[in-house]
Each structure stands twice: as C-alpha cells, then as structure tokens.
Amino acid sequence: MSPFPLDAVDRIMAVMACAFPPEFGEAWNRRQVSDALLLTGTHHGLITPDGSIAPEPNGLVAGFYLSRGVLDEEELLLFAIAPQWRRRGLGHTLLRHFIDGARRRDKKRLFLEMRCNNPAGILYAAHGFRPVGIRPRYYRASNGDRIDAITQELMLD
Ligand SMILES: CC(C)(COP(=O)(O)OP(=O)(O)OC[C@H]1O[C@@H](n2cnc3c(N)ncnc32)[C@H](O)[C@@H]1OP(=O)(O)O)[C@@H](O)C(=O)NCCC(=O)NCCS
C-alpha cells in the first residue's frame, strides 16, 4: 500500500496545473510533490469550495497547501486556490488553517518564498507575515528570465 494518499497527489496536481501561471516557473511536478509527501514533517491540506479542509476530503477540491516542518520552523512550500474559486475567502481560510496547525505542532517560525510582486503578498500580510529578505533570481521564468523571491516570515508566540 502507498505510504501517502495517491488521490491527494492527483488532486494537488489538478489545482497545480491551473493555479500557477506557467511563465513564472513556480509550479512543482508530480514527482516533486510525491517525494515531498514522503518526507517526515510534511503536511498538506485540501480545501473544498465550501471551505472544508482535510488531507483527503470528499468531493471537489478548490485549493491546497503543502508545508514542511523541521525542528521549530515550518516552511509553506506551495499554496494555491484554483482560479475559478478565487476571491471568495478560501485563501484566507486555508492560510489560517495552516498557521493554526503549525502552532499546534509547536512551531515558532513560519516562512515561505514568494515571487516578487505576487498579489498573494497582500494575503500573507493580512495574516501577519512580513518580508524579511530577497533571494535574487530564485525562480526561472519560461522565457529564461530569472525572478527574485521575497522571503516572508511569521513568528508565532
Ligand atoms: C494567492 C491565492 C492563493 C489567493 O487565493 P484566494 O482564494 O483568491 O484568496 P482570498 O479570496 O482569501 O483573498 C484574500 C485576499 O488576498 C488579496 N488578494 C488575493 N488575490 C489578489 C489579487 N489577484 N489582487 C489583489 N489582491 C489579492 C485580497 O486582499 C483578498 O481579499 P479580498 O478578496 O477581500 O480583497 C490565489 O490567488 C492563488 O492561488 N494564486 C496563484 C498561486 C500563488 O501565487 N500562490 C502563492 C505562492 S507564494
């Protein structure tokens, strides 16, 4: 039997395929997602259009997150809502769920890398994340350009 729910990989990949603009090179491939789910400390959540969140929910999936914790830190590796379900508050609900879960896991520092100028920064700021650094040329765009990443951090008490 598989050590992780294969169905979760399918559902993550379905959102991945439509959520990340291909020109920015942010999306992961299936192998990267499957491998990440096998690692100790990896967490994921799938959100349905009605805002329910579970690792393997019934029915349609509107978005997902994937994170990895090491010691008292956790990195939000991927976070996306499919285009047709955006601007309805699902991003807020899913991000809050991730933060609450990390707090329950006794994490003290949450962080993520975000493409420079991604409007997702507005959502992260609303939940207390703040930019703490720049990784120059972190993403490789489809036209060969390199795009800077902003490191965002949230300290939990
Ligand atoms: C970022 C993302 C997850 C937001 O999902 P969402 O479900 O639309 O989020 P919400 O409806 O909860 O909106 C949260 C707030 O974020 C801000 N926001 C989200 N998308 C925005 C946009 N395109 N432009 C401006 N503000 C935006 C708004 O303040 C919004 O609140 P409002 O709708 O009340 O004005 C979604 O746009 C997405 O999947 N983007 C592509 C993948 C991605 O870039 N992920 C982040 C990687 S670091």
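Ligands are counted one by one from 1 in listed order, and the atoms in each one are counted from 1 as well.
- In terms of protein heavy-atom proximity, atom 29 (O) of ligand 1 is closest to I122 CG2, 3.3 Å.
- The closest heavy-atom contact to atom 36 (C) of ligand 1, among the options E26, M114, R86, comes from R86.
- Checking S142 against E23 by side-chain atom types alone, no donor-acceptor pair falls below 3.5 Å.
- The distance from ligand 1 to the heavy atoms of P119 drops below 4.0 Å at these ligand atoms: 21 (C), 22 (C), 23 (N), 24 (N), 25 (C).
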Self-check item: Steps toward salt bridge (charged side-chain N to carboxylate O under 4.0 Å, His left out) verdict (R30, D10)
Solution: CA-CA 8 Å; R30 188 182 179 87; D10 289 336; 2.9 Å; yes
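- Close contacts of ligand 1 with A80, meaning ligand atoms under 4.0 Å from a residue heavy atom, involve 39 (O).
- Protein heavy atoms are found less than 4.0 angstrom from atom 20 (N) of ligand 1.
- Summarising the local packing, CG of L39 is surrounded by more than 12 heavy atoms from other residues, nucleotides or ligands at distances under 6.0 Å.
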Quiz item: Between R68 and E74, does a salt bridge (charged side-chain N to carboxylate O under 4.0 Å, His left out) hold up when you go through it step by step?
Solution: CA-CA 5 Å; R68 178 142 196 255; E74 190 154 332; over 6 Å; no
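- Here the protein heavy atom with the shortest distance to atom 48 (S) of ligand 1 is Y124 OH, 3.2 Å.
- With respect to atom 15 (C) of ligand 1, the closest heavy atom belonging to the protein is H92 NE2, 3.7 Å.
- Distances between N or O atoms of F79 and those of ligand 1 include at least one value under 3.5 Å.
- When the side chains of ILVMFWY residues are joined at heavy-atom separations under 4.5 Å, either directly or via intervening members, I150 and F111 end up in two distinct hydrophobic clusters.
- With a 4.5 Å cut-off on side-chain heavy atoms, L66 and F79 do not count as touching.
- Scanning A125, G89, A149 for the heavy atom closest to atom 11 (O) of ligand 1 points to G89.
- Aromatic ring centroids of F98 and Y65 lie under 6.0 Å apart.
- Closest approach of A62 to P49, counting heavy atoms only: CB-N, 4.0 Å.
- Close approach to A19 involves these atoms of ligand 1, each under 4.0 Å from a residue heavy atom: 41 (C), 42 (C).
- Ligand 1 places these atoms under 4.0 Å from at least one heavy atom of I81: 3 (C), 5 (O), 7 (O), 38 (C), 39 (O).
- Ion pairing between E73 and K108 fails under the 4.0 Å rule for side-chain N and carboxylate O.
- Each of the atoms 43 (C), 44 (O), 46 (C), 47 (C) of ligand 1 lies under 4.0 Å from some heavy atom of N118.
- Contacts between Y65 and ligand 1 below 4.0 angstrom, taking non-hydrogen atoms only, are absent altogether.
- Between R96 and D100 there is no salt bridge, since no side-chain N of the basic residue sits under 4.0 Å from a carboxylate O of the acidic one.
- Of the protein's heavy atoms, G91 N, 2.9 Å lies nearest to atom 7 (O) of ligand 1.
- Protein heavy atom at the shortest distance from atom 42 (C) of ligand 1 is F20 CE2, 3.6 Å.
- Of all protein heavy atoms, the one closest to atom 32 (P) of ligand 1 is R87 NH2, 3.8 Å.
- Ligand 1 places these atoms under 4.0 Å from at least one heavy atom of L90: 7 (O), 12 (O).
- When the heavy-atom distances from atom 16 (O) of ligand 1 to L123, L78, L95 are ranked, the shortest goes to L123.
- Each of the atoms 1 (C), 46 (C) of ligand 1 lies under 4.0 Å from some heavy atom of A120.
- For R115 and E26, the salt-bridge test passes: some basic side-chain N is under 4.0 Å from an acidic carboxylate O.
- When the side chains of ILVMFWY residues are joined at heavy-atom separations under 4.5 Å, either directly or via intervening members, I81 and F129 end up in a single hydrophobic cluster.
- Taking any N or O of R115, backbone or side chain, none lies under 3.5 Å from an N or O belonging to ligand 1.
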